[in-house]
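The structure appears right after this line, and notes come after that.
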Amino acid sequence: MNTLATELNSQLEGTVAQRLLSGLGKRLYFPKGIIAQSGEAKKYAHKANATIGMAYDGGRPLILSAIAEGMPTLSTVEAVTYAPTAGVETARQAWKDAILKKNPSLEGSRISLPVVVPGLTAGISYIADLFLEEGNEILVSDPCWDNYSLIFADRRGATVTEVPFFGTGAGLNLEGIKQAVKKAAKSGSLRLILNFPNNPSGYSPTKAEAESLINMIKETAEAGTDCLIITDDAYFGLDYEPDIYPESLFSRLATLHERVLAVKIDGPTKEDYVWGLRMGFVTFGSAGMNENHYEALIKKLMGTIRSSVSCSNTPAQYLMLKTMNDSRSESEKARFREILHKRYEIVKTLVANNKQHPVLQALPFNSGYFMSFRCNGVSPETLRQALLKDYGIGTIALGSQYLRIAFSSVEAEHIPFVYETLYRVASELAQKN
């Protein structure tokens, strides 16, 4: 094992993070090579910096006119230079400040400085590199985003256990989740990813449900189990009902217990309506870790970034900073959110009017971009194909049970047609079976 990896492992000794590391996680380190030496040169090479593979003239990076004209608000440094492996420092600090503002329960808490990653998917994959390997089990919701299986099982060889998050009631299947957590904890460690608002169901926990989940994890840790809890907060903030827990569960998990390592994966992708910028953040929090521990863990995270994409997109980070500092952004985001809220209310009414439909049973939904149906007696794929080929309506079939509708991308005036057609076609297919 590389001596740098051994040093980082020693630095993490005694923490929940060290105990949860995968074999790859233990081997990862941030090399003192080109990037580290270039970082030193930025500080001290005042005469000439001959460390980085970029072309400069007159003290500025060379840039093609088409690029310069296409990014008129960015300087050449912001547009084309390499970003540090962990991200532009001002972007990292600005996002941490935003996390603290959106999650007041974190006030006074000790969390890490967020690390920039090239999209939330990459963040989840990097955490899988650090903490998952063959033989480990991770709990995910059923239904869940289909990429979880690809990341956790196919890439890392872990066992993905889908937990029925929704029963026949109006909210979370808390008893089912609790039993799955208890069973997984028998192995000595718990790995769980929580995605709220959930993709594909579009559900976020109520305040009471959030307390139940937090207490469930606290009890597990108090019983001696090391817990890795990943909060996939891709759609954070898009809540449409007053009883929804208003913060990320990370805000409580980050200080819950020394045996709990909370990892928040979020970013501006959905929160700030910049999907194509492919930019996310990874933030760590644990009651049993200090700044030195976080620094060691971040260097391991930097190792997996360095060994895959090297660094994240520079212009995206500076564009994000511009949106955060622009006085128009908050009012524009409020207007966009209201557009989505209006569509949600239309869907909510249509679903309520068809509550007794024999084929389509709506899963609980109250937030985010989506809602989903459990299909009874009709294959979701068959229904998807009929809607697409006969009526020009695109939906997503997930597994053998679920059909997802992204109302976020359907104009309000078209939503009634989509749902009326959906219910009718589902009934017709059921009658043919």
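Here the structure is a predicted model, which is why all the values come from computation and not from measurement. Along the sequence shown, residues are numbered consecutively beginning with 1.
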Listed partners of A287 passing side chain to side chain contact (heavy atoms under 4.5 Å, CB included), at least two apart:
none
Which of these passes ring-ring contact (aromatic ring centres under 6.0 Å, His included) with F365: F370, Y203, Y344?
Y344
Quick one: list whatever passes side chain to side chain contact (heavy atoms under 4.5 Å, CB included) with E420, sequence neighbours left out.
P416
Could you check if a side-chain atom of I111 sits within less than 4.5 angstrom of a side-chain atom of T255, using non-hydrogen atoms only?
no
Nearest atoms (heavy-atom pairs only) where P84 meets C311:
O-CB, 4.0 Å
Do T159 and F152 make a side-chain contact, defined as non-hydrogen atoms from C-beta onward lying under 4.5 Å apart?
no
Any side-chain hydrogen bond (donor to acceptor under 3.5 Å, both in side chains) involving residues 110-128? Give me the pairs, sequence neighbours left out, ordered by first then second residue.
S125-R155, Y126-S308
Value rounded to 0.5 Å, distance of CG in L403 from CG in L387:
7.0 Å
Whether S372 side chain and P200 backbone form a donor-acceptor pair below 3.5 Å:
yes
Is there side-chain contact between L139 and I193, with heavy atoms separated by less than 4.5 Å?
no
Test of understanding: with side chain to side chain contact (heavy atoms under 4.5 Å, CB included), list the residues that count as partners of A316, not counting sequence neighbours.
L277, M279, N313
Step through the shown structure and confirm whether more than 12 heavy atoms of other residues, nucleotides or ligands are within 6.0 Å of NZ on K218.
no
Does the side chain of R384 come under 3.5 Å of the side chain of T382 through a donor N or O and an acceptor N or O?
no
Between the side chains of K348 and N366, is a donor N or O closer than 3.5 angstrom to an acceptor N or O?
no
Report yes or no: does S22 contribute a side-chain atom to a donor-acceptor pair with the main-chain N or O of L130 at less than 3.5 Å?
yes
Could you list the residues that satisfy side chain to side chain contact (heavy atoms under 4.5 Å, CB included) with E89, not counting sequence neighbours?
R92, L113
Once you round to the nearest 0.5 Å, how far does CD of E209 lie from CG of N173?
10.0 Å
Kindly say whether T231 contributes a backbone atom to a donor-acceptor pair with the side chain of K264 at under 3.5 angstrom?
no
Any side-chain donor paired with an acceptor under 3.5 Å for S248 and N103?
no
Are V140 and T161 close enough that some pair of their side-chain heavy atoms sits under 4.5 Å apart?
no
Shortest non-hydrogen pair, R343 vs S408, comes out as NH1-O, 2.5 Å
dist R19:CZ -> L228:CG (nearest 0.5 Å) comes out at 12.5 Å
Does V282 reach the side chain of V263, with side-chain heavy atoms less than 4.5 Å apart?
yes
Mind listing the closest non-hydrogen atom pair of K270 and A234 along with its distance?
CB-O, 3.2 Å
Rounded at 0.5 Å granularity, tell me how far CD in E332 sits from OG in S327.
9.0 Å
When every non-hydrogen atom of L132 is compared with those of R156, the smallest separation belongs to O-NH2, 2.6 Å
Quick check on the 6.0 Å ring-centre criterion: do Y391 and F417 meet it?
no
side-chain hydrogen bond (donor to acceptor under 3.5 Å, both in side chains) partners of S201, counting only residues at least two apart:
N198
Qualifying residues under ring-ring contact (aromatic ring centres under 6.0 Å, His included), relative to F131, sequence neighbours excluded:
none
Over 12 non-hydrogen atoms of neighbours within 6.0 angstrom of NZ in K299
no
Can a side-chain donor-acceptor contact be found between Y148 and D232 if the only test is distance below 3.5 angstrom?
yes
What pairs meet the ring pair (Phe, Tyr, Trp, His ring centres under 6.0 Å) rule with one or both residues in residues 311-335, with sequence neighbours excluded?
none
Are the side chain of T304 and the backbone N or O of L301 linked by a donor-acceptor pair below 3.5 Å?
no
Flag yes if more than 12 heavy atoms outside E258 fall under 6.0 Å of its CD atom; otherwise flag no.
no
Donor-acceptor side-chain pairing of E211 and N215 below 3.5 angstrom
no
Using modelled atom types and a 3.5 Å cut-off, is there a donor and acceptor pairing between side-chain atoms of S286 and backbone atoms of V260?
yes
Flag the pair E330 and K333 as a salt bridge only when some basic side-chain nitrogen lies within less than 4.0 angstrom of an acidic carboxylate oxygen.
yes
Donor-acceptor contact present, side-chain S189 to main-chain D226, <3.5 Å
no
Under the ring-ring contact (aromatic ring centres under 6.0 Å, His included) test, which residues partner Y369, sequence neighbours left out?
Y235
Partner residues of F373 under the ring-ring contact (aromatic ring centres under 6.0 Å, His included) criterion, sequence neighbours left out:
Y423
Kindly write out the residues that satisfy ring-ring contact (aromatic ring centres under 6.0 Å, His included) with H341, not counting sequence neighbours, or none if the list is empty.
Y240
Any side-chain heavy atom of I405 sitting closer than 4.5 Å to one from Y419?
yes
Between atom CG of L238 and atom CD1 of I244, what is the distance when rounded to the nearest 0.5 Å?
10.0 Å
Is L253 close to L261 at the side-chain level, that is, under 4.5 Å between some pair of heavy atoms?
no
Can any side-chain N or O of S329 pair as donor or acceptor with the backbone N or O of T323 at less than 3.5 Å?
yes
Any side-chain donor paired with an acceptor under 3.5 Å for D243 and T206?
no
N/O donor-acceptor pair under 3.5 Å between K102 side chain and D97 backbone
no
Between the main-chain N or O of V88 and the side-chain N or O of Q317, is there a donor-acceptor pair closer than 3.5 Å?
yes
Would the number of heavy atoms belonging to other residues, nucleotides or ligands and lying under 6.0 Å from CD of E107 be above 12?
no
Would you give the length of the straight line joining atom CD of Q18 to atom CG of L297, rounded to the nearest 0.5 angstrom?
11.0 Å
Nearest atoms (heavy-atom pairs only) where L8 meets F30:
CD1-N, 4.4 Å
Using a 3.5 Å distance criterion without hydrogens, assess whether the side chain of R27 forms a donor-acceptor pair with backbone atoms of A5.
no
Pairs touching residues 279-315 that satisfy ring pair (Phe, Tyr, Trp, His ring centres under 6.0 Å), sequence neighbours left out
W95-F281
Provide the closest heavy-atom pair for P380 versus Q401 in the form atom of the first, atom of the second, distance.
CG-C, 3.5 Å
